[in-house]
Protein chains: 4
Amino acid sequence: MPKAKAKPAEPKQRKSDRTRDEFKAAARRVFARSGYLSAKINDITREAGKSAGTFYLYFTDKEDLLRALIEEFYAELPHNIALAGNGASDPMEAIEDGLRGYWNAYQKYQADIVGIFQAAMVDPAYEQIWREIRASGIRMTAHSIRRMQDDGACPGVDPTLLASALCGMVEFACYNWVSRRIDFKEREIEEEEAIQALLAALRGTLSYRPPAAKPARRRIR
Amino acid sequence: MPKAKAKPAEPKQRKSDRTRDEFKAAARRVFARSGYLSAKINDITREAGKSAGTFYLYFTDKEDLLRALIEEFYAELPHNIALAGNGASDPMEAIEDGLRGYWNAYQKYQADIVGIFQAAMVDPAYEQIWREIRASGIRMTAHSIRRMQDDGACPGVDPTLLASALCGMVEFACYNWVSRRIDFKEREIEEEEAIQALLAALRGTLSYRPPAAKPARRRIR
Amino acid sequence: MPKAKAKPAEPKQRKSDRTRDEFKAAARRVFARSGYLSAKINDITREAGKSAGTFYLYFTDKEDLLRALIEEFYAELPHNIALAGNGASDPMEAIEDGLRGYWNAYQKYQADIVGIFQAAMVDPAYEQIWREIRASGIRMTAHSIRRMQDDGACPGVDPTLLASALCGMVEFACYNWVSRRIDFKEREIEEEEAIQALLAALRGTLSYRPPAAKPARRRIR
Amino acid sequence: MPKAKAKPAEPKQRKSDRTRDEFKAAARRVFARSGYLSAKINDITREAGKSAGTFYLYFTDKEDLLRALIEEFYAELPHNIALAGNGASDPMEAIEDGLRGYWNAYQKYQADIVGIFQAAMVDPAYEQIWREIRASGIRMTAHSIRRMQDDGACPGVDPTLLASALCGMVEFACYNWVSRRIDFKEREIEEEEAIQALLAALRGTLSYRPPAAKPARRRIR
DNA sequence: TATGAATGAGTATTCATTCAT
DNA sequence: AATGAATGAATACTCATTCAT
């Protein structure tokens with residue numbers, strides 16, 4: 001038949017991309033709702049309004065899908081965290097900027113982070129990824145700690161160890177407060193209130209200076 | 001687990017008790033090794049050197065087994081934590097005692113705690129249990145925070161919120177450092193070193209006093 | 001079956017409907033051959049030429065499958081029985097029409113009826129269903145009995161009790177003669193012969209008039 | 001040690017018999033309560049207050065146990081039925097005696113009969129046994145029918161076929177009314193009332209004489 | 001004899017993945 | 001590209017039966 005069709009090459013590519021994105025968006029919703037581990041492939045395809053088979057045209061696996069989420073997340077992470085902290089000359093400010101950066105990233109990439117965290121529990125490959133994500137935060141935090149220590153604050157602790165603890169605190173608070181809504185079922189936590197609580201801990205820890213003459217602990221009464 | 005199944009008759013004899021304990025011990029090893037969620041009933045029976053069916057003479061479920069672990073854990077928890085902190089008159093001392101208590105309990109009941117934590121990700125009933133376990137620690141910590149605030153320290157933060165963050169920090173550090181051995185693959189963390197790092201954060205946070213004239217954030221130097 | 005499980009999504013397409021019907025047909029063959037209680041899911045899938053998992057795309061259970069059979073059976077039952085008896089003005093004719101209706105329904109839905117009957121032995125929910133199916137027949141029969149009693153026949157008996165006995169007779173004869181082929185292994189029973197035997201009992205019972213002066217039982221001759 | 005023990009050979013034998021009987025009694029209770037097919041070996045041993053292993057000292061099987069029940073039942077059956085009917089010279093009286101005999105036997109051996117009936121659904125060997133039990137009743141009933149037919153009553157029906165239907169009626173009524181308590185949940189059926197209903201059917205059927213000039217059924221309107 | 005803990009074959013069920021249309 | 005029906009390997013669970021004590 002003589003009807004010369006215009007090659008729809010471009011639009012096709014587009015459509016395919018769109019479907020892929022729809023899957024990712026659906027997965028984010030599902031992961032946020034019921035976690036990565038208990039999410040069934042079917043839950044995701046249903047959420048995406050696609051059929052079961054279609055999923056495998058775009059991803060090989062639930063893990064593959066998670067990997068795709070992570071990539072996006074990775075691509076934007078620096079904007080939220082690393083860059084945020086970079087500008088600040090004052091270590092305390094750097095820490096606060098870092099916290100706010102992480103908090104914002106967490107809001108947006110909740111599903112990804114929970115996904116990685118849960119996958120890490122079961123799959124060593126994801127444990128590695130999780131460790132890497134943590135690592136950059138820890139490195140930054142440790143750097144600030146070291147600067148504070150140079151100034152005489154919080155002496156005698158391994159900066160990396162302390163950084164690991166503090167980053168974990170932030171991470172875990174996000175998980176508990178934002179994703180699982182644990183601990184505070186009865187009331188909504190205000191975003192700023194939450195940040196202030198974390199900030200109080202960070203600030204206190206980093207600026208701690210032991211009293212001049214430290215009395216022996218548990219001295220004889 | 002939400003549907004309360006009738007527990008199996010639970011043979012009470014000597015031999016029977018021993019087998020039940022063997023299963024619990026085997027489960028602790030398996031959970032510690034590969035986590036609760038990915039553990040198969042078969043993994044546990046094999047580890048216990050028992051046959052598949054035997055498991056069901058003692059437990060109805062993997063969940064039921066976890067419940068049994070928790071009970072034991074619960075029974076001993078107060079000795080390690082609550083009682084520990086009770087004697088101390090000084091809030092800082094109470095916090096330190098609580099930390100050491102939790103740390104010790106964690107060493108011993110690692111598998112249980114990880115099990116509950118993982119089960120909580122997937123099963124609301126365990127989320128509830130996990131929340132309860134956290135609650136007692138949070139309550140105690142919040143109490144100490146309030147006492148410090150009465151004294152003028154760490155002002156302007158919701159004690160419960162801050163307590164939740166700090167308890168999470170301890171919990172999560174135990175998980176990362178002890179159970180997953182994340183962050184510090186290259187070296188063994190000394191127990192005392194780990195405790196000191198956590199203590200530094202707790203002490204700093206609780207005793208923080210803002211500088212007399214609080215300067216505006218990010219003022220020009 | 002007491003716990004109402006959510007039925008699987010129940011694909012509605014053409015192909016899917018056919019498969020569902022194939023399962024029902026296969027189940028009817030299997031139930032007729034070896035009874036409902038001893039039928040394994042596997043027997044049915046094999047008979048249907050499908051794989052194990054496919055069964056669960058269409059039914060949650062063996063019970064669910066039986067329920068599906070019953071529905072079909074229920075839908076047609078009135079055509080065979082109730083309507084049949086409705087037109088007849090003479091109670092004896094109503095009874096005969098009812099009998100022929102039930103007989104025909106039984107031929108077609110043997111497997112369903114046997115299934116319900118067997119399931120009722122083990123599961124109270126099916127006992128209820130079975131009771132309901134019986135109830136309509138009993139009600140109709142009792143009605144005819146009452147009309148005959150108004151006319152002076154078979155006096156002094158509870159119509160419902162008698163109806164229950166007579167309906168049971170028909171039911172059980174169908175079971176023994178048609179489904180189990182008991183009692184008459186050596187020869188084929190002609191359909192009409194069987195019906196005539198049942199009819200003889202029904203007719204005799206309903207038209208019975210006690211002899212005028214009832215002699216004492218077991219008097220000396 | 002010089003204490004010469006008396007050989008407890010006799011008592012031992014007694015004890016063993018007693019245990020066996022306890023199992024049989026327990027089984028009767030369990031079968032009557034929940035049917036033969038759904039009864040687990042464990043249900044029976046628990047009901048008997050014995051341990052699981054002990055069961056196998058006395059029986060090889062649940063079937064073996066059922067066989068033992070049947071034997072006892074068989075041994076007494078003639079007293080209740082066959083002998084009962086034998087004395088009567090009048091066929092109607094023979095039928096009534098037979099009915100009362102069966103009814104009494106059923107009360108006592110409910111569990112056995114239900115057991116055989118259910119086992120027959122699943123196991124051909126028990127189908128055979130069931131058929132045999134039925135056979136003697138059918139033979140007797142057919143005999144009475146033949147005598148009535150010689151007298152001109154209920155003409156034109158195969159006596160055995162009719163007997164099978166009538167015996168089935170009685171059997172099934174016992175099952176429904178006594179064992180399953182179906183059809184009459186709301187009220188207790190009086191024993192005599194039940195017997196009278198069955199008797200009405202038997203009497204009517206056997207004494208039926210077609211009206212002199214039988215009009216064509218469904219004549220032209 | 002009696003016990004009851006242990007066994008393992010048999011069965012049901014789930015769900016990621018494939019493939020004909 | 002998309003569909004959704006079909007697959008079957010993996011796993012959980014039950015229960016009759018054995019056996020060391």
Side-chain angles (χ1 to χ4, degrees), chain A residues 8 11-13 15-16 18-20 38-46 48-63, chain B residues 5 8-9 11-20 39-45 48-63, chain C residues 5 8-9 11-20 38-45 48-63, chain D residues 8 11-13 15-16 18-20 38-46 49-63:
Chain A
K12 235 184 199 169
Q13 171 63 18
K15 169 121 185 267
S16 160
R18 203 179 330 125
T19 305
R20 198 179 153 87
S38 27
K40 314 285 164 223
I41 298 276
N42 246 351
D43 299 338
I44 298 168
T45 56
R46 197 179 318 119
K50 302 288 172 184
S51 83
T54 307
F55 180 87
Y56 291 91
L57 296 176
Y58 295 95
F59 308 95
T60 67
D61 251 348
K62 195 168 66 163
E63 274 150 39
Chain B
K5 288 181 218 166
K12 287 157 221 146
Q13 302 327 304
R14 203 110 346 109
K15 175 86 176 300
S16 156
D17 274 353
R18 203 177 329 125
T19 304
R20 198 180 155 86
K40 310 290 164 215
I41 299 277
N42 250 351
D43 300 339
I44 297 168
T45 56
K50 303 288 173 188
S51 86
T54 306
F55 179 87
Y56 294 93
L57 293 177
Y58 297 94
F59 308 96
T60 63
D61 255 346
K62 196 168 65 163
E63 275 137 39
Chain C
K5 288 182 217 164
K12 289 158 222 148
Q13 302 327 304
R14 203 114 342 111
K15 174 85 178 301
S16 156
D17 275 353
R18 204 179 328 126
T19 304
R20 199 180 154 86
S38 28
K40 309 290 163 215
I41 299 277
N42 249 351
D43 301 339
I44 297 168
T45 56
K50 303 287 172 187
S51 86
T54 306
F55 179 87
Y56 294 93
L57 294 177
Y58 296 94
F59 308 96
T60 63
D61 255 346
K62 197 169 65 164
E63 275 138 37
Chain D
K12 236 184 198 168
Q13 171 61 20
K15 169 122 186 265
S16 161
R18 203 179 332 125
T19 305
R20 198 179 153 88
S38 28
K40 314 286 165 224
I41 297 276
N42 247 350
D43 299 340
I44 297 168
T45 56
R46 197 178 318 119
K50 301 288 172 188
S51 82
T54 308
F55 180 87
Y56 291 91
L57 296 176
Y58 294 95
F59 307 95
T60 67
D61 251 349
K62 194 168 68 164
E63 274 149 39

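Within every chain, numbering begins at 1; the chains are lettered A, B, ... in the order of the sequence lines, protein sequences first and strands thereafter.
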Check the distance between [N]'s [atom2] and [X]'s [atom1] and give it to me in whole angstrom.
{"X": "D:L57", "N": "E:dG4", "atom1": "CG", "atom2": "P", "value": "13 Å"}
{"X": "C:Y58", "N": "E:dT14", "atom1": "OH", "atom2": "C1'", "value": "17 Å"}
{"X": "B:K50", "N": "F:dA12", "atom1": "NZ", "atom2": "P", "value": "20 Å"}
{"X": "D:F59", "N": "F:dA16", "atom1": "CZ", "atom2": "P", "value": "15 Å"}
{"X": "D:R20", "N": "E:dA2", "atom1": "CZ", "atom2": "C1'", "value": "17 Å"}

Base-pair string, DNA chain F, Watson-Crick plus G-U, cut-off 3.5 Å on both distances, | for inter-strand, is .||||||||||||||||||||

Just verifying a value: how many Å separate [X] [atom1] and [Y] [atom2], rounded to the nearest 0.5 Å?
{"X": "A:R46", "Y": "A:D43", "atom1": "CZ", "atom2": "CG", "value": "5.5 Å"}
{"X": "B:L57", "Y": "B:S51", "atom1": "CG", "atom2": "OG", "value": "8.0 Å"}
{"X": "B:N42", "Y": "B:T45", "atom1": "CG", "atom2": "OG1", "value": "4.5 Å"}

Which atom names give the shortest non-hydrogen contact between D:D61 and D:F55, and what distance separates them?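 Minimum heavy-atom contact is O-CZ, 3.5 Å.
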
For D:R20 versus D:Y58, what's the shortest heavy-atom pair and its separation?
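Closest pair (atom of D:R20, atom of D:Y58, distance): NH1-O, 2.9 Å.
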
Worksheet entry | Residue whose nearest DNA chain F nucleotide is more 5′ - B:A39 or C:T19 |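 Upstream on the strand: C:T19.
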
Just by modelled atom types, is the A:T19 backbone N or O under 3.5 Å from a matching donor or acceptor in the A:K50 side chain?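 No; judged by distance alone, with no hydrogens or angles, the pair does not exist.
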
Taking N or O atoms only and anything under 3.5 Å, show me the protein contacts with nucleotides 17-21 of chain F, one pair per line.
unit_1 : atom_1 : unit_2 : atom_2 : d
F:dT17 : OP1    : D:D61  : OD1    : 3.4
F:dT17 : OP2    : D:Y56  : OH     : 3.3
F:dT17 : OP2    : D:D61  : OD1    : 3.1

C:K40 vs B:G49, nearer the 5' end of DNA chain E by closest nucleotide =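 Result of the comparison: B:G49.
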
